[in-house]
Engineer: 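Handing you a structure now.
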Amino acid sequence: MSENNSSELVKRRLEELDHLEKMGVNAYPYSFDKTHTSQEINDNYSDESPELFEKVAIAGRIMALRRMGKSTFLTIQDQQGRIQIWFNQKLTPEKYDQIKLWDIGDIIGVKGPTFRTKTGEITVKGADFELLTKSIKPLPIAKEEVDDEGNKILHDAFSDKELRYRNRYTDLIVNPKIREVFTKRSLIISEMRRYFDSNGWMEVETPILQSIYGGAAARPFSTHHNTLDISMYMRIALELYLKRLLVGGFEGVYEISKNFRNEGMDKNHNPEFTMMEIYVAYKDYNWCMDMTEDLIKTLANKANGNLILNVDEIEVDLSESFERTPWFALIKKYTGMDLFGKSKDELLGDAKTLGVHVESTDSKTKILDEIFSEKVENNLQKPTFVTDFPLEMSPLAKKHRSTEGLVERFELYMFGQEVGNSFSELNDPRDQRARFEEQAKDKAAGDEDAMMLDEDFLNAIEVGMPPAAGLGIGIDRLVMMLTGQSSIRDVLFFPQMKPRK
RNA sequence: GAUUCCGUAGCUCAGCUGGUAGAGCACUUGACUUUUAAUCAAGUGGCCUCGGGUUCGAAUCCCGACGGAAUCACCA
């Protein structure tokens, strides 16, 4: 539909392109040697020594065009920012007519000296220029105003979320703030790699297509391998393969990659999302808490230059030590009830008392989880390590060294959301088998999310996995918190959308 | 999956008590050699998401479909 509506505009631009080619202009040349970025010029130009920018070559997309007869001002945008260009018929008498055939959206290269206009704007003089790409489709361009304090105000900005997500490339061109979020995302992930690499932990890749899925409680996407004629699943977690590598003798391995879960979508869930998991041999969850806290603080500092985070109206200060509180203590704090050691029937009664909706067929794990999600999670805005989970909830975590019925596990919560999950990893093969058998019972009782028994994984554990700490971090959620976004769609370049008819 | 709200020009929106479509920006033409939301003048541009219904008449009311957003449910 929009094809037809914009066809007049497209037709006109195609005519211009034709016209340019008749003038002997190649509208799609092969390269351009740029010497500077807009930012380098904007940040470093000084009126005392304009000769430093006597000869610059810059390239970018035309974002604003102010024609004034024999003189033309335009603003181009490159990856770093925007800069004004000034053209004048006197400067380029033979080529000036070409400029009349340019449009907003075209990509050009310009060579010339830098100067400051009467009104004080740093500007590149178009002593020579070249069209680098003619744009055929018009952009949803918004006028940009700079107020007295230097703040940029976009008027009637391209804001339709559906169109923005479906045409992300347009969104990125037209909404510079969006680009910042993704630049930070990239920075956060590369700093995370640097952090791990500098400790000697190794980045690895493990299968995404698996014949048995595991490592988390979730429904998978399933597919089919034609040659082998077997069902296969897209992975829901990284854990079980990374642990096999610990068995194989690597002492620190991590992977940053997509997981896939066939479940609901909302502002915190996308069917494919990025997970980081790391396993370090000979360490336990106490060590891992220290490491996680240091990692999060390091990343926040790199991304924002400080330790204050803001999402929606809520501010979180990371500079204090993260709170560490046991799971049952938090339940007690927010419900007044001590649920530790209670039977399933007692828990069912307690859930009802608390007004938490559960079914009598639900497993003990599920009831506990429901109570925690409803009564506790929202209170955990400040970074909090929730420690020492009930054993039933954690089939891959090692039993607590001093308290029966608990495991050595923590989850890091911020802004009421889980960002990290960690255990002292279970490496006793007898216990691991028993836990899987427990899961199988839950599954038989109707818990769809209970884990499958993975004989091959058990075999690896039987060969012997060293004691280890493991940590998983949901990268998308972490990026949301570190960039102040409240929807996962705003930290994914291409969030899942229903296909257009 | 449920509920609520939304879908009008390329973009941002108005039009809502039913009478056949409007603004700003973008685009076109003209003027303009330091402008910057450039300005001034004159224009072009719509199957009002789609399909049914009510009505003499529907962008407007009703039903359905398709997309989107929010909340909930599901979901470590």
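Residue numbering restarts at 1 for every chain, and letters A, B, ... go by the order of the sequence lines.
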Engineer: Just how far, in rounded Å, is P of C11(B) from CE of Met63(A)?
Structural biologist: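 For the pair Met63(A) CE and C11(B) P, the rounded distance is 16 Å.
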Engineer: Quickly work out the Ile173(A) CD1 to C11(B) P distance and round it to whole Å.
Structural biologist: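 Result: 15 Å.
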Engineer: Just how far, in rounded Å, is P of U35(B) from CD1 of Ile76(A)?
Structural biologist: 20 Å
Engineer: Measuring centre to centre across the rings, with the benzene-like ring taken for any Trp, is Phe385(A) within less than 6.0 Å of Phe410(A)?
Structural biologist: yes
Engineer: Find the partner of C72(B): check Watson-Crick (N1-N3 plus N6-O4 or O6-N4) and G-U wobble (N1-O2, O6-N3) distances, both under 3.5 Å, and reply none if neither fits.
Structural biologist: G1(B)
Engineer: Both distances below 3.5 Å, Watson-Crick or wobble geometry, any strand: find the nucleotide opposite C56(B).
Structural biologist: G19(B)
Engineer: Taking atom types as they are modelled, is there a donor-acceptor pair under 3.5 Å from the base of U34(B) to the side chain of Ser71(A)?
Structural biologist: no
Engineer: Tell me the interatomic distance from Glu162(A), atom CD, to G68(B), atom P, rounded to whole angstroms.
Structural biologist: 6 Å
Engineer: Can any side-chain N or O of Arg61(A) pair as donor or acceptor with the backbone N or O of Gly105(A) at less than 3.5 Å?
Structural biologist: yes
Engineer: In the structure shown, which nucleotide is the Watson-Crick or G-U wobble counterpart of A65(B), with both distances under 3.5 Å?
Structural biologist: U49(B)
Engineer: Take atom NZ of Lys118(A) and atom P of A38(B), then tell me their distance rounded to the nearest Å.
Structural biologist: 18 Å
Engineer: Please state how far atom CG in Leu65(A) lies from atom C1' in C25(B), giving the value in whole angstrom units.
Structural biologist: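 It works out to 14 Å between those atoms.
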Engineer: Give Glu144(A) one of three labels, base, sugar-phosphate or nothing, depending on what nucleic acid heavy atoms sit under 4.0 Å from its own.
Structural biologist: sugar-phosphate
Engineer: Could you check whether Tyr96(A) and Phe87(A) have their ring centres less than 6.0 Å apart?
Structural biologist: no
Engineer: Check the angle between the aromatic planes of Phe493(A) and Phe182(A) and answer parallel, tilted or perpendicular using the 30° and 60° thresholds.
Structural biologist: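 Parallel, since the angle between the ring planes stays under 30°.
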Engineer: Nearest of A26(B), U12(B), G68(B) to any side-chain atom of Ile104(A)?
Structural biologist: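 Per side-chain heavy atoms of Ile104(A), the pick is A26(B).
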Engineer: Answer with base, sugar-phosphate or nothing: what part of the nucleic acid does Ala157(A) contact at a heavy-atom distance below 4.0 Å?
Structural biologist: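 Sugar-phosphate: the residue Ala157(A), judged by heavy atoms under 4.0 Å, touches backbone atoms but no base.
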Engineer: Please list, pair by pair, any protein nitrogen or oxygen found under 3.5 Å from a nitrogen or oxygen in nucleotides 28-31 of chain B.
Structural biologist:
{"unit_1": "U28(B)", "atom_1": "OP1", "unit_2": "Arg12(A)", "atom_2": "NH1", "d": "2.8"}

Engineer: Just to be sure I understand the rule, does Phe87(A) reach a base, reach only the sugar-phosphate, or reach nothing, if contact means heavy atoms closer than 4.0 Å?
Structural biologist: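 Touches nothing.
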Engineer: Give the nucleotide from the list C27(B), G68(B), U35(B) with an atom nearest to the side chain of Arg66(A).
Structural biologist: U35(B)
Engineer: Can you find a pair of side-chain heavy atoms, one from Ser38(A) and one from Arg82(A), that are under 4.5 Å apart?
Structural biologist: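 No, side chains not in contact.
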Engineer: Name the pairing partner of U33(B), where a pair is Watson-Crick or G-U wobble with both distances under 3.5 Å, or state none.
Structural biologist: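 Paired with U33(B), as far as the under-3.5 Å criterion goes, is no nucleotide at all.
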Engineer: Are Phe53(A) and His36(A) side-chain neighbours, meaning at least one heavy-atom pair lies under 4.5 Å?
Structural biologist: yes
Engineer: Sort out for me which residue in Asn310(A), Leu380(A), Val311(A) forms a side-chain contact (heavy atoms from CB on, under 4.5 Å) with Phe415(A).
Structural biologist: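 Only match with Phe415(A) under side-chain contact (heavy atoms from CB on, under 4.5 Å): Val311(A).
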Engineer: Inspect the contact between Glu438(A) and Lys441(A) and indicate whether a charged nitrogen and a carboxylate oxygen are less than 4.0 angstrom apart.
Structural biologist: yes
Engineer: Base, sugar-phosphate alone, or nothing: which one does Ser373(A) contact when heavy atoms must sit under 4.0 Å apart?
Structural biologist: nothing
Engineer: Look at the side chain of Met68(A) and decide which nucleotide, out of C11(B), A38(B), A26(B), has an atom nearest to it.
Structural biologist: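 Nearest listed nucleotide: A38(B).
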Engineer: Between Leu139(A) (CG) and U12(B) (P), how many Å, whole number?
Structural biologist: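 Roughly 13 Å, once rounded to whole Å.
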Engineer: Is Lys398(A) paired with Asp284(A) through a side-chain N to carboxylate O contact shorter than 4.0 Å?
Structural biologist: no
Engineer: Would you indicate which nucleotide in A26(B), U12(B), U33(B) comes nearest to any side-chain atom of Phe158(A)?
Structural biologist: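 Shortest atom-to-atom distance from the side chain points to U12(B).
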Engineer: Determine, for Glu411(A) against Arg409(A), whether the closest basic-nitrogen to carboxylate-oxygen distance falls under 4.0 angstrom.
Structural biologist: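 Answer for the salt bridge query: yes.
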Engineer: Would you give a per-nucleotide map of nucleotides 70-76 of chain B, 5' to 3', where B means the base has a protein non-hydrogen atom under 4.0 Å away, S means only the sugar-phosphate does, and - means neither?
Structural biologist: SS--BBB
Engineer: Return all side-chain donor-acceptor pairs below 3.5 angstrom for residues 364-372 of chain A, not counting sequence neighbours, or 'none' if the list is empty.
Structural biologist:
{"unit_1": "Lys364(A)", "atom_1": "NZ", "unit_2": "Lys342(A)", "atom_2": "O", "d": "3.2"}
{"unit_1": "Lys364(A)", "atom_1": "NZ", "unit_2": "Glu392(A)", "atom_2": "OE2", "d": "3.2"}
{"unit_1": "Thr365(A)", "atom_1": "OG1", "unit_2": "Glu392(A)", "atom_2": "O", "d": "3.2"}

Engineer: Under a 3.5 Å cut-off for both contacts, is G10(B) paired Watson-Crick or G-U wobble with anything, and if yes, with which nucleotide?
Structural biologist: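 C25(B) - that is the nucleotide pairing with G10(B), both distances being under 3.5 Å.
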